[in-house]
**Student:** 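This is the structure I have questions about; it appears just below.
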Amino acid sequence: MEEIQKQIEELKKRLDGVERKTPSNKISMIVFSGDLDKALAAFIIATGSVAMGLDVVMFFTFWGIPMLRDKNKIVSGKDAMSKMFGAMLPKGADQIKLSTMNMGGMGTAMIKSLMKKKNVASLPQMIEMAGQLGVKIFICEMSMDLMGFKREEMISYPDLTYCGVAKFLEEAIDSRIQLFL
Amino acid sequence: MEEIQKQIEELKKRLDGVERKTPSNKISMIVFSGDLDKALAAFIIATGSVAMGLDVVMFFTFWGIPMLRDKNKIVSGKDAMSKMFGAMLPKGADQIKLSTMNMGGMGTAMIKSLMKKKNVASLPQMIEMAGQLGVKIFICEMSMDLMGFKREEMISYPDLTYCGVAKFLEEAIDSRIQLFL
Amino acid sequence: MEEIQKQIEELKKRLDGVERKTPSNKISMIVFSGDLDKALAAFIIATGSVAMGLDVVMFFTFWGIPMLRDKNKIVSGKDAMSKMFGAMLPKGADQIKLSTMNMGGMGTAMIKSLMKKKNVASLPQMIEMAGQLGVKIFICEMSMDLMGFKREEMISYPDLTYCGVAKFLEEAIDSRIQLFL
């Protein structure tokens, strides 16, 4: 009897160990790219994941951040370098381009018109949908700081947090799928 | 005795939970890129994974799809936009280029000749090998539809399925490794 | 009593199965890209992961390899093709460029000066730090061979190994996070 109780305790300990390493039903994506095609892939995966019952976390960093700017928000008090970055990088999801076959914007316009014709949601619509579906967005503070972006110029989004790489890793470890786009 | 049985039942329940989240010995890759170098990486990983005893699932989407076109298959009945995409995008694994140092095709030719010299299989050979090894290929139907590709123009491949993002996610959740290329 | 022992044995067997598939506290990254921005992301994730208590494995392949060359090491005895690759590809972490907004080197210089101003470590500093923190670096031998790189021209790094795709997959299967950059 005592022997059996000992075996059970050992099993419990092993199970504790395994459970600590068992991730939640979650997918984490790093959106590093600022290309329209990868952004579309990211949000199609995000909304598809919600439909599959997964929690979704998207971590925007580097070139991925400008697509989250709100073109109607104007910020002041930026230094020269930040103003330059602000002017050169796209202002919002509507302005980003294809990675391939952009052809001076013609390819991007073509894909957008095709998506409309085929009833595929546009990127701004997908972002809105993601927000309604509870997709969490994290924005990398270090990249924001480097590029001189301010929080006031970002889109209004239900679940948006500013954070560092540690927060992302915490979510990623606890996820069943992790992707770098 | 009853107490012990209760503990055992609890352990079983916890194990059920952990097992439900334990993935199969599988690797899932999204091949988003249409670059020769990334395609080579994808198939080297795929065939290497088979050698390690893993099941392999490759999900081709966006620019990754054209490399699976069969240059000898001719399709008719495409609308103007689909014809244009068809003409502009590579027709098969033989036509895709390096992401870097393509130099008007010279870099790509150089790498291909080097690979031949060093007895590295070419991309079309790797695809054939993958098919023989049981690597599963999924092609994203939504991308096919957007670009106007038809099933009749795709390569003959042992295990090829057309599907949506949900099917990919299902495989990815059940995989120990997931990569986005 | 015998019945209970049987149940315990069954639980043990199931736990064995689950434990065999439970990865270590490890993150594996494939650094395929030779772009400065992705390299920075890779090393920020690497050092951040160490801070979170994760083991870190970085597998450098294709364009990711040139950033690990030591600009002060000179090698001889290369054939014409290898010399050409050697001359065309960056020589060390100091020479790689942004994927976007490089603008003939101006964008890259801008980002580097910004990083300095904001007290973000430079890429060479991050690599050194990673070495001190125990981040393991693997270099893909097949890529080295294709591009004609020699071991003697690579940086001195505490934990650097030359290997093939099988070694990477072995590490990746045993990792909680895998990323392809």
Side-chain angles (χ1 to χ4, degrees), chain A residues 1 3-8 10-15 17-23 28-30 32-35 59 61-64 66 79 81-82 84-85 88-90 96-97 99 140 142-148 164-181, chain C residues 1 4-5 7-9 11-12 14-33 35-38 40-54 56 98-101 103 107 110-111 113-115 117-120 175-181:
Chain A
M1 203 66 169
E3 169 53 27
I4 281 186
Q5 193 58 49
K6 230 177 80 190
Q7 289 184 53
I8 288 182
E10 201 210 317
L11 284 175
K12 273 187 195 164
K13 234 159 111 181
R14 284 173 66 190
L15 247 174
V18 166
E19 280 179 343
R20 257 196 306 277
K21 281 191 180 172
T22 301
S28 294
M29 282 183 270
I30 300 182
F32 172 94
S33 165
D35 299 323
F59 183 77
T61 186
F62 282 80
W63 316 111
D79 61 31
M81 196 71 120
S82 302
M84 211 173 88
F85 267 107
M88 289 173 62
L89 289 167
I96 63 175
K97 309 286 181 211
S99 64
C140 171
M142 189 184 139
S143 301
M144 292 262 297
D145 189 39
L146 260 185
M147 292 172 174
V165 70
K167 179 66 193 158
F168 168 73
L169 287 168
E170 206 180 274
E171 296 285 345
I173 288 174
D174 188 39
S175 296
R176 297 179 70 176
I177 307 178
Q178 306 101 355
L179 301 172
F180 185 100
L181 284 89
Chain C
M1 202 65 168
I4 281 186
Q5 192 58 51
Q7 289 183 55
I8 288 182
E9 292 311 320
L11 284 176
K12 275 187 194 164
R14 284 172 65 190
L15 248 174
D16 286 346
V18 166
E19 280 179 342
R20 257 196 305 277
K21 281 190 179 171
T22 301
S24 303
N25 277 324
K26 198 190 294 181
I27 174 171
S28 294
M29 282 183 270
I30 301 182
V31 184
F32 171 94
S33 165
D35 299 323
L36 174 61
D37 34 23
K38 284 209 182 163
L40 288 170
F43 279 95
I44 289 169
I45 293 172
T47 50
S49 295
V50 174
M52 305 272 298
L54 293 169
V56 184
L98 290 179
S99 64
T100 308
M101 295 221 326
M103 302 177 296
M110 237 167 72
I111 285 278
S113 106
L114 260 175
M115 285 170 62
K117 202 180 128 197
K118 308 249 180 193
N119 285 315
V120 177
S175 296
R176 297 179 71 177
I177 307 179
Q178 306 101 355
L179 301 172
F180 185 99
L181 283 89

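Residue numbers start from 1 in every chain, and the chains themselves are labelled A, B, ... in the order their sequence lines are given, proteins ahead of strands. Keep in mind that this is a model prediction, so the values were computed, not measured.
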**Student:** Could you tell me if the side chain of C/Asp37 sits less than 4.5 Å from the side chain of A/Phe32, heavy atoms only?
**Tutor:**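 Yes, side chains in contact.
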**Student:** Is there a side-chain contact between C/Leu98 and A/Phe62, using heavy atoms and a 4.5 Å cut-off?
**Tutor:** no
**Student:** Name the member of C/Thr22, C/Val18, C/Thr100, C/Ile111 that forms the most heavy-atom pairs with chain A at distances under 4.5 Å.
**Tutor:** C/Thr100
**Student:** Checking A/Glu170 side chain against C/Met52 main chain: does a donor-acceptor pair fall under 3.5 Å?
**Tutor:** no
**Student:** Quick one: does A/Met84's side chain get under 4.5 Å of C/Met110's, heavy atoms only?
**Tutor:** yes
**Student:** Enter the distance from A/Ile8:CD1 to C/Ile4:CD1 here, rounded to the nearest 0.5 Å.
**Tutor:**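 Going from the CD1 atom of A/Ile8 to the CD1 atom of C/Ile4 covers 7.0 Å.
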**Student:** Between the side chain of A/Lys21 and the main-chain N/O of C/Pro23, is any donor-acceptor distance below 3.5 Å?
**Tutor:** yes
**Student:** Against chain A, work out which of C/Leu181, C/Ile177, C/Leu179 has the most heavy-atom pairs shorter than 4.5 Å and name it.
**Tutor:**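 When all of C/Leu181, C/Ile177, C/Leu179 are compared, C/Ile177 has the most.
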**Student:** What part of C/Asp16 is in contact with chain A, defined as an atom under 4.5 angstrom from a non-hydrogen atom: side chain, backbone, both or neither?
**Tutor:** both
**Student:** Using non-hydrogen atoms and a 4.5 Å limit, figure out which bit of A/Gln7 sits close to chain C: side chain, backbone, both or neither.
**Tutor:**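 The answer is the side chain of A/Gln7.
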**Student:** Which bit of C/Lys117 comes within less than 4.5 Å of chain A, counting heavy atoms only: side chain, backbone, both or neither?
**Tutor:**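 Looking at C/Lys117, just its side chain touches chain A.
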**Student:** List the atom of A/Arg14, the atom of C/Glu19, and the distance in Å for their closest heavy-atom pair.
**Tutor:**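 Scanning both residues, the minimum pair turns out to be NH2-OE1, 2.8 Å.
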**Student:** If you count heavy-atom pairs under 4.5 Å with chain C, which of A/Met142, A/Glu10, A/Met147 comes out on top?
**Tutor:** A/Met142
**Student:** Flag the pair A/Leu169 / C/Ile27 as yes when at least one side-chain heavy-atom distance between them is below 4.5 Å, and no otherwise.
**Tutor:**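 The answer is yes; the side chains approach within 4.5 Å.
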**Student:** Checking C/Met29 against chain A: side chain, backbone, both or neither under 4.5 Å from a heavy atom?
**Tutor:** neither
**Student:** So what's closer than 4.5 Å to chain A heavy atoms on C/Ser99: side chain, backbone, both or neither?
**Tutor:** side chain
**Student:** Apply side-chain contact (heavy atoms from CB on, under 4.5 Å) to the pair C/Ile44 and A/Thr61, showing each step before the final yes or no.
**Tutor:** CA-CA 12 Å; C/Ile44 289 169; A/Thr61 186; over 6 Å; no
**Student:** Holding to salt bridge (charged side-chain N to carboxylate O under 4.0 Å, His left out), I want the full list of residues that pass it with C/Lys118, two or more places apart in sequence or in another chain.
**Tutor:** A/Asp145
**Student:** Please list, chain by chain and in numerical order, all residues satisfying salt bridge (charged side-chain N to carboxylate O under 4.0 Å, His left out) with A/Asp79, sequence neighbours excluded.
**Tutor:**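 With sequence neighbours excluded, A/Asp79 shows a salt bridge (charged side-chain N to carboxylate O under 4.0 Å, His left out) to no residue whatsoever.
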